[in-house]
Amino acid sequence: MYAQVAIKGPYGGLFSYTIPDALREAAIPGALALVPMGRGNRTGLIWSLADTCDYTGEIKPLADILGDTPPLNAELMRLLDYIARYYRQAPASIAAAALPAHLLHDRKRRVIWLGETAPPDSLSPALRALADHLRKRKNGLMESTIAQHVGRAGLDRKLKLLRDDGLIRIEESWDARHKARENPHWEAEEQAEVRQLHEPPQLTDEQQEAVDALNEAITAGRFAPFLLQGVTGSGKTEVYFRAVETALAQGRQALLLVPEISLTPQLTARYRVRFHETLAVFHSGLTPARRHDEWRRARSGQARVIIGARSALFAPFADLGLIVVDEEHDGSYKQEEGVPYHARDMAIVRASFNQAVVVLGSATPAMESLHNAQHGKYHHLRLTQRATGADLPPIELVDLSDPQNREGMRAHSLIGKTLREAMSETLAAGKQSLLFLNRRGFAPALLCNLCGHSVSCPNCAVALTLHKGRNQLMCHYCDHVADPPDVCPECGQLGLIRFGPGTERLEEEVKQRFPDANVARLDRDAVKGSADRLAKTLDAFRSGAVDILVGTQMIAKGHHFSGLSLVGVIAAESAMSQPDFRAAERAFQLVTQVAGRAGRERGQTGRVLVQTFDPQHYALTAAACHDADLFADQELRFRAEAEYPPFSRMALVRFSCEDLGEGDRFVAELRRNLPHTEGALVLGPAPAPLSKLRGRHRWQLMIKGADIRMVHQAVGRILAAAEPLAGRNLRIGVDIDPQAFV
DNA sequence: AGCACGCCGACT
DNA sequence: GTCGGCGTGCTC
Ligand SMILES: [Zn+2]
Ligand SMILES: [Zn+2]
């Protein structure tokens, strides 16, 4: 019997080890193992057990099993294996995404000074300096601490010399913090007020129908996927609550996935009021130790309901009966950084492995989900009425290219005449306005008005972002920071002008036009560094203390403002700034979502103005009449004609290399040896749109196939052709079902 | 990817 | 001679 162990490494694959008798009980899939690797030991995750192994070299035995219970159970291991195969990712990177960061860590070394006396005079100056540092602590120093004091450079070599001279002893350890803490942190408790008596609201007929359908499926205890399509304000959350209660009543557990941006204290407080001490919260803001506490609470079964963002997909459960994916269309469920898995798609898979019910909720479902619903793969539940009975607000498209509307607009002005007039009427009536601006396309920058150059990052092919407060240029992709230059780096002239962030410019313009109004701004910069700033600004707007709120994505989701009567979208096409095949879908989702902030209460007439240069665009006209079906018809027709997903499947294979010439030569060589796959279309390899990232030049190759099997097959063949051609400096990455094409 | 080894040029 | 940058080989 061999243990196949996932270890972070080059082949990304699995390494086989024999299992010593002493470890036979403990060495099961999902357990953490200490294994001999090369000259030393590494930690890894036992992926599977096998009777045979095809490695022909010497096979070593497992050194140890870490912790007393395996962190991952069989159910999670099955999911991890599926993800590794589906997304063509190294098992070790999936393991790293699924385990608390604590558990898979690197070797730690403690250095202990042995000599009673002073170091011998024969030591060279560099060794002497190190020895003097080590001599001060009798019980030793951690290597990382030493590195902080005397520098990383050459430390390994120096320590080796001191050890060879018998002056120090080096102890290695891989012990993770497997033990639970004495006083584990409890995120849900931290955030919620006293337990309140909760009176569940009356359901509308539509809600009741949806709840009935879900309850029936949950009670049946079989895999059943649902698409819950409900207009903004239709009360999807209450439907989720009821479904969760049903799952709990069946003795099963529930997982709620929400977009990272929605996972606010206000949201978790709502769930806490309903589910009390059975709730655990997973979010990226938790420290590793706190995250580990929540994770353990879930694994022990103490938590029955878990709410979290993308990575909560891997939360451990004993008996998972329900998964809810809220805002299932949201792009944050698939990320390119790290492991490119789609949490919504894998939630479906996990539900099927658990005979669980899965609910995808959205006002504006992804075309993939709608297509599945239309073909009977998902049960389609619809909520067409707002829970409050309020009408959806009328949406007007305002043509920004219309000279009449441009009247009174200055060069960089963002507000056209129509919106301006609507704002002043709203203000005169004592009502509130909300202006939405997409962060993308309005980033603050340092531009040369003589040559048009914008100061860009030396490591990445992007313009640097100007941070006003710190007066520094920063890169969004890498950690590059620079002082703003005085002269243009391109033409050498004094032509540089500061172009503030869109929201700040918008705020200034609003203040200029409406000097008597109370204006507030909410964007990433405005809330940075103060946790309650977001809540405070939202409260001020809710209470009516603020007349006009200006903001980005942050204000588009979920919030409920009763005094709000005007919503303005500054530039609808900003959602289409990335020109990929999902651009129209994003624009429709954006306008629908922002419009949903207006007129949520009965008897209130909200108004939504959407500024655009293309008022004829079908995504905007459909959004303007709140017709998701009309949009879906047109968008699915376009996708079908162009053979885009959901009518085909795609993959990207990315290549990157620090050296441009080496990358170019590799790509040229690959082009000559590009294998063909029947039924799959291959485009490229060509330079990626984002041609340089963190000092690495980038290329990509796009694969389109009729189904996922074709795509997998083509990816397999291309990797088989590319890997032998790639030197150690060239990195290859695979992205199945890509969301972004940069 | 780590990690260790060893070549070589810079420095003193 | 010492120091450290950097290319190279190996890993069940
Ligand atoms: Zn210039
Ligand atoms: Zn950069």
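Quick note on labels: first sequence line is chain A, next is B, and so on, each numbered from 1.
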*A:Asn41 CG to C:dC12 P: how many Å, rounded?*
10 Å

Atom pairs under 3.5 Å: protein N/O with N/O of nucleotides 2-7 of chain B:
{"from": "B:dA4", "atom 1": "OP2", "to": "A:Asp156", "atom 2": "OD2", "distance (Å)": "2.8"}
{"from": "B:dA4", "atom 1": "O4'", "to": "A:Arg39", "atom 2": "NE", "distance (Å)": "3.4"}
{"from": "B:dG6", "atom 1": "O6", "to": "A:Arg157", "atom 2": "NH1", "distance (Å)": "3.4"}

*Between A:Phe581 and A:Phe741, is the gap from one ring center to the other below 6.0 Å?*
yes

*asked:* Rounding to an integer number of Å, can you tell me how far A:Glu658 CD sits from C:dC6 P?
replied: 11 Å

*Value in whole Å for how far the C1' atom of C:dC12 lies from CG of A:Asp54*: 11 Å

*Any side-chain N or O of A:Ser124 under 4.0 Å from OP1/OP2 of C:dC3?*
yes

*NA contact type, A:Arg731, heavy-atom cut-off 4.0 Å: base, sugar-phosphate, or nothing?*
sugar-phosphate

_Face-to-face stacking of A:Phe15 with C:dC12, centres under 5.5 angstrom, angle under 30°_ = no

*What's the CG-P distance between A:Leu130 and C:dT2, to the nearest Å?*
16 Å

*How is A:Tyr17 classified with respect to the nucleic acid when contacts are heavy atoms under 4.0 Å: base, sugar-phosphate, or nothing?*
sugar-phosphate

*Sidechain N-carboxylate O distance under 4.0 Å for A:Arg78, A:Glu75*: no

*asked:* If I compare all heavy atoms of A:Trp699 with all of A:Gly663, which pair ends up nearest, and what's the gap?
replied: CH2-CA, 3.5 Å

*asked:* Can you tell whether the side chains of A:Arg649 and A:Asp707 come within less than 4.0 Å, N to carboxylate O?
replied: no

*asked:* Using a heavy-atom cut-off of 4.0 Å across all strands, would you classify A:Glu58 as base, sugar-phosphate, or nothing?
replied: sugar-phosphate

_Atom-pair distance (NZ on A:Lys158; P on C:dC3), nearest Å_ = 8 Å

_Just the rounded figure in Å: distance from P of C:dC3 to CZ of A:Arg152._
17 Å

*Report yes or no: does A:Arg350 contribute a side-chain atom to a donor-acceptor pair with the main-chain N or O of A:Leu76 at less than 3.5 Å?*
no

*Calculate the interatomic distance between A:Leu161 atom CG and C:dC3 atom P; express it in whole Å.*
8 Å

_A:Glu658/A:Arg731 salt bridge by N-O under 4.0 Å criterion_ = no

_Integer-rounded Å distance: C:dG4 C1' and A:Leu159 CG_ = 15 Å

*Please step through ring-ring contact (aromatic ring centres under 6.0 Å, His included) for the pair A:Tyr55 and A:Phe15, ending with a clear verdict.*
CA-CA 9 Å; A:Tyr55 183 65; A:Phe15 294 80; 8.1 Å; no

